[in-house]
Amino acid sequence: MIGVILALILVAVVAGCVVGAVLFRTKKRHNKKLFTVCVSVACVAFAVFMLLPFSVHTVEPGQVAVVKVLGKAEYVRAPGTYLDFWLTREYDIIDTTVQQEQIRTMCYSSDAQTMDVTLIVQFQIQKDKAIDIDNNYNTLERLTEKVRSVSESNVKTVLSKKSAMNIIETRASVSPDVELMIRETVEDNYYVDIVAVVITNIDFSDAFEATVEEKMIAEQQQLKAEYEKQKAIIEAEKELEVAKLEAEARIARAQGDAEAVRIAAEAEANAIKVKSIEVARMLGFDIIETETEDGVLYSIDFTGKSEEEINLISDYLKYIAYLEKWDGELPDVITDGANVFFPIQP
């Protein structure tokens, strides 16, 4: 912009000098000295016009300039405005902002499945390597093509080591693997820093995607079947546990009933024993009392007693049991085995 303004000013000066020279030439022919001065000023202004505007160089923010002196890259200019003689110094401007390349390519997996891959590579030149970039590639466009080519080759190399199913299952880790390989290759050899590498799409063939979908459906069905199986096992175990608890409860009830029967039987036996002692004492039998840890133990002394006397105790006990059960009503018929009697009801 500054060069343009200077050029316009010099053009105006040259034009003014030429016009003045012509006027002085036509109107004042005797004033040759003034004419000579105007022509000289015009010539000097023209020379300045040819040299000064083209020697003003501006480097914008986000750029660096490689300055070539007589065709040889000598040094680098940061953003700013500089005055360098344009016939001996040439400015090659290089963009230092982040560059972004979208790459689409076809790759093969380790099991020979084809895929269309789209990735984005962001990179930025190393400013201290600007002279090397200019000497080796001359323009940023040529360097970008090299980065693009290397990145495409690297993504093919990384994906060729993985099976198609592995790529699908570990898709999130594919981009970091590709970025690492591109970074190691590019940064060490091509004077740029990799900012980011992102795989935005991996598209397999329709046939393979259909196969993967079928496999996923089969796996889901298998998982569902396994879930149903586990659920059935849990339900069966639950039912078994309930049945086991119910059986234990029935056993416990049965044991309780048996214990109750045993206790009742013991109580009845003790009651009979007590009655036997009482009857024996009433009938004149001797009762033996023995001290034990559980208390006094009573027994009947049958010494010197006949069998009829002993049976008398049993018959008397039967009679008592009969009386306990008798409802007070006389039977309609009584027999002693040989004769039949008909009792008269009161």
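All values below were derived from every heavy atom in this structure, side-chain atoms included, with hydrogens, water molecules and symmetry-related copies excluded. Not measured: the values here are computed from a predicted model.
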Distance-only check: which donor-acceptor pairs under 3.5 Å involve side-chain atoms of residues 129-140, not counting sequence neighbours?
| residue | atom | partner | partner atom | Å |
| --- | --- | --- | --- | --- |
| Asp134 | OD2 | Lys68 | NZ | 3.3 |
| Asn135 | ND2 | Ile131 | O | 3.3 |
| Asn136 | ND2 | Asp132 | O | 2.7 |
| Thr139 | OG1 | Arg142 | N | 3.4 |

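- Under the side-chain contact (heavy atoms from CB on, under 4.5 Å) rule, Val121 has a single partner from Val155, Val186, Thr144, Ile194, which is Ile194.
- The hydrophobic cluster analysis finds Leu180 isolated: no Ile, Leu, Val, Met, Phe, Trp or Tyr side chain comes under 4.5 Å of it, directly or through other members.
- Grouping the Ile, Leu, Val, Met, Phe, Trp and Tyr side chains by contacts below 4.5 angstrom, directly or via other members, places Val76 apart from Ile93.
- Within the model, atoms CD of Gln63 and OG1 of Thr58 stand 10.0 Å from one another, a figure rounded to the nearest 0.5 Å.
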*Could you go through the salt bridge (Lys or Arg N to Asp or Glu O under 4.0 Å) check for Asp188 and Arg183 one step at a time?*
CA-CA 8 Å; Asp188 294 341; Arg183 186 183 301 276; over 6 Å; no
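- Counting only distance, with no hydrogens or angles, the side chain of Gln124 and the backbone of Thr96 share a donor-acceptor pair below 3.5 Å.
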For a quick test of your reading: what N or O donor-acceptor pairs under 3.5 Å do the side chains of residues 170-178 make, sequence neighbours left out?
| residue | atom | partner | partner atom | Å |
| --- | --- | --- | --- | --- |
| Thr170 | OG1 | Asn166 | O | 2.5 |
| Ser173 | OG | Thr170 | O | 2.9 |
| Ser175 | OG | Ile199 | N | 3.0 |
| Asp177 | OD2 | Lys162 | NZ | 3.4 |

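- Val66 and Tyr82 fall into different hydrophobic clusters, where Ile, Leu, Val, Met, Phe, Trp and Tyr are joined by side-chain heavy atoms under 4.5 Å apart, directly or via other members.
- Smallest separation of non-hydrogen atoms from Arg148 and Gln102: NH1-O, 3.0 Å.
- The CD atom of Glu141 sits 8.5 Å away from atom CD of Gln99, with the distance rounded to the nearest 0.5 Å.
- No more than 12 heavy atoms of other residues, nucleotides or ligands lie within 6.0 Å of OH in Tyr108, so this atom counts as exposed by the packing criterion.
- Atom NZ of Lys156 and atom CE of Met181 lie 13.0 Å apart (nearest 0.5 Å).
- Arg77 and Val67 make their closest contact through CG-CG2, 3.4 Å (heavy atoms, listed as atom of the first residue, atom of the second, distance).
- Interatomic distance, Ser149 OG to Tyr190 OH, rounded to the nearest 0.5 Å: 8.0 Å.
- The distance from the CD1 atom of Ile120 to the OG atom of Ser151 is 12.5 Å, given to the nearest 0.5 Å.
- In this structure, Gln126 and Glu187 approach most closely via the heavy-atom pair NE2-O, 3.7 Å.
- For the pair Ser109 and Ile167, the tightest heavy-atom approach, listed with the atom from each and the gap, is CB-CD1, 4.3 Å.
- Panel note: side chain Ser160, backbone Ser110; no donor-acceptor pair is recorded below 3.5 Å.
- When ring centroids are compared, His57 and Tyr91 come within the 6.0 Å threshold.
- Surrounding NZ of Lys146 are at most 12 heavy atoms belonging to other residues, nucleotides or ligands under 6.0 Å away.
- Following chains of ILVMFWY side-chain contacts shorter than 4.5 Å, one cannot reach Val98 starting from Val192, and the two form parts of different hydrophobic clusters.
- One hydrophobic cluster, built from ILVMFWY side chains closer than 4.5 Å, cannot hold both Val242 and Ile233; they sit in different ones.
- In terms of hydrophobic clustering, with Ile, Leu, Val, Met, Phe, Trp and Tyr side chains grouped at heavy-atom distances under 4.5 Å, Val195 and Leu143 are assigned to different clusters.
- Taken from NZ in Lys244 to CD in Glu237, the straight-line distance is 11.5 Å, to the nearest 0.5 Å.
- Leu159 approaches Met115 most closely through the heavy-atom pair CD1-SD, 3.9 Å.
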